[in-house]
Amino acid sequence: MTEKRQFRAIKGTRDILPPDSSLWNWFERAAREVFESYNFREIRLPIFEETDLFARSIGADTDVVGKEMYTFEDRDESSISLRPEATASVVRAYIEHGMHTLPGNVKLYYIGPMFRRERPQKGRYRQFYQIGAEVLGQSDAPAIDAEVLEMLVVLFKRAGLALITLSVNSIGCKQCRPKYVEVLRQELLKVKDKLGADSQRRIETNPLRVLDSKLPEEQPIIETLPRISDHLCAACRQHFSELKDELNLRGIAYEENWRLVRGLDYYTRTTFEVTAEGLGSQNAVCGGGRYDGLVELLGGHPTKGIGFAIGSDRAILSIQEGGQAPKMPGLGVFVAWMSAATYPAAVRIARKLRECGIAVELPPEAMKFKKSLGLADKLGARYALIIGEDEVTSGTYTLKRLADAEQKKLNENDLLEYLESERRGSGA
RNA sequence: GUGAGCGUAGCUCAGCUGGUAGAGCAUCGGUCUGUGGCACCGAGGGUCGCGGGUUCAAACCCCGUCGCUCACCCCA
């Protein structure tokens with residue numbers, strides 16, 4: 001007995017259909033072009049890794065590792081996990097391939113799906129997509145941080161993401177941060193009974209995260225808490241100060257947000273986030289920061305690092321909600337052939353147009369002429385190329401622009417030339 | 001893991017205090033055998049998420065269940 005069963009995409013996963021997929025490709029292409037203009041090169045990484053890689057880099061006690069990873073036992077009983085983010089993989093690859101011997105800083109970007117088993121909501125999926133970039137090397141010059149931020153801003157501007165805010169903070173290094181965390185913890189304990197249950201719990205688990213709280217009633221209390229900017233060591237303070245100078249030099253608008261902390265263990269010093277409007281509760285389209293100890297933590301030489309990840313799902317959502325989505329080139333030419341006698345010419349010309357890079361639809365079956373033009377219209381073709389018996393005998397074809405019904409007769413060479421220049425002109 | 005809201009045609013939805021299902025759009029065909037968008041006519045498409053209960057009778061009321069959405073947590 002065959003059970004009638006409707007298959008559906010697994011919770012938190014989704015299909016990205018045309019025409020949305022065009023927008024995705026457009027955005028990813030923009031990112032590649034911008035990143036490569038800053039001399040970043042693509043790294044293609046595995047989608048799963050040893051579970052331990054993530055546990056050690058992200059932090060065994062974080063939610064991401066503790067309860068959100070897709071972890072399973074391979075057939076040889078080793079534990080592997082679908083990647084919840086890609087920085088760990090980039091660092092692993094950097095070490096594995098001895099990339100510290102490469103000249104200058106190593107600048108890499110990646111594009112692809114990540115996996116986290118959370119409850120889906122607006123802008124959050126279990127399979128989601130990130131575009132990220134990392135700079136690894138011996139230098140932690142603030143100019144590197146600033147260049148990374150400039151690159152981000154350039155991409156977002158180019159992608160037409162309106163109403164975005166860049167927030168920047170420094171969370172210190174492994175010398176000064178623990179001292180600050182302790183100070184903060186002590187202060188939090190004094191006001192513990194005024195805090196909500198979540199924040200009370202965080203006093204023990206991760207005091208920094210209390211600063212992130214959105215609870216309205218906690219806001220006045222949080223404002224009175226000690227700020228890390230007053231507790232940075234001299235080196236961190238200078239680094240942060242120079243970063244701000246660099247940002248000003250580059251004309252990058254930013255907000256200093258002393259409450260911006262990041263959830264992953266490996267961050268040091270510079271942290272940043274880009275938020276956009278109209279995204280619902282999950283309004284961060286990009287997050288990142290410096291992670292100077294991570295390479296060493298994963299077994300490499302002491303190395304500095306900084307990077308970010310853009311949430312593509314959210315970036316795309318923001319582009320769509322902002323009404324800034326660019327017009328995507330659609331179907332160029334619909335070949336309206338009339339009869340079996342005209343079909344060979346239609347096939348031949350369709351191929352030639354396609355070789356010129358024009359998107360062509362060639363009906364696979366004979367259609368009534370009216371129907372054929374109707375279909376051309378519905379498919380959104382720019383032109384209908386009319387190939388009837390007259391055209392075949394005369395060798396001149398009728399090109400009809402659907403938008404204004406203007407027609408002209410062209411021989412094959414003129415036709416190709418005309419459409420090619422049209423295509424270049426329209427960017428289609 | 002917690003909470004709330006919602007499930008009727010491919011999509012957006014209507015369906016009154018219970019009387020065995022509808023519209024618009026979309027799709028397909030026709031009016032229309034070399035000129036699309038318009039109009040008109042017609043067709044296909046639904047075990048009303050699923051299961052149980054109440055009732056003479058359930059899309060509607062009750063219980064359960066599954067799914068989706070949004071929010072919390074956390075994060076991109």
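The sequence lines fix the lettering, A, B, ..., with proteins before strands; numbering per chain opens at 1.
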Exercise. Can you tell me the distance, in whole Å, between the CG atom of Leu166(A) and the C1' atom of A76(B)?
Key: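 Going from CG in Leu166(A) over to C1' in A76(B) covers 15 Å.
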
Practice problem: Figure out the CG/P separation between Asp63(A) and C72(B), and round it to whole Å. | Solution: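 Distance check: Asp63(A) CG to C72(B) P gives 14 Å.
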
Quiz item: Only one of Arg14(A), Lys122(A), Arg124(A), Gln130(A) clears side-chain hydrogen bond (donor to acceptor under 3.5 Å, both in side chains) with Asp313(A); which?
Solution: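 One option only clears the test, and that one is Arg14(A).
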
Quick one: which of [options] gets closest to the side chain of [X]?
| X | options | answer |
| --- | --- | --- |
| Lys371(A) | C68(B), G30(B), A76(B) | G30(B) |
| Arg202(A) | C73(B), C68(B), C72(B) | C73(B) |
| Lys378(A) | A76(B), U27(B), A71(B) | U27(B) |
| Asp313(A) | G37(B), C73(B), A76(B) | A76(B) |
| Arg201(A) | C72(B), C73(B), G30(B) | C73(B) |

Quiz item: Does Ser318(A) reach the main-chain N or O of Ala276(A) with its side chain, forming a donor-acceptor pair under 3.5 Å?
Solution: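 Answer holds: no.
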
Quiz prompt | Centroid-centroid under 6.0 Å between Tyr109(A) and Phe40(A) rings | solution =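 Here the rings of Phe40(A) and Tyr109(A) have centres that are no less than 6.0 Å from each other.
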
Which whole number of Å gives the distance between the [atom1] atom of [N] and that of [M]?
| N | M | atom1 | result |
| --- | --- | --- | --- |
| G22(B) | U27(B) | P | 23 Å |
| U47(B) | G37(B) | C1' | 40 Å |
| G29(B) | G45(B) | C1' | 15 Å |
| U2(B) | G64(B) | P | 16 Å |

Practice problem: Indicate whether OP1 or OP2 belonging to C75(B) is found under 4.0 Å from a side-chain N or O atom of Gln282(A). | Solution: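 Looking at the OP1 and OP2 atoms of C75(B), neither is under 4.0 Å from any side-chain N or O of Gln282(A).
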
Quiz item: Within less than 4.0 Å of OP1 or OP2 of C74(B), is there a side-chain N or O belonging to Arg119(A)?
Solution: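 For C74(B), neither OP1 nor OP2 has a side-chain N or O of Arg119(A) closer than 4.0 Å.
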
Practice problem: Would you mind telling me which residue lines up with the more 5' stretch of RNA chain B, Ile10(A) or Gly388(A), judged by nearest nucleotide? | Solution: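 Per heavy-atom nearest nucleotide, the more 5' residue is Gly388(A).
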
Quiz item: Under a 3.5 Å cut-off for both distances, is C16(B) Watson-Crick or wobble paired, and to whom?
Solution: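 Checking every strand shown, C16(B) finds no partner, since no pair has both distances under 3.5 Å.
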
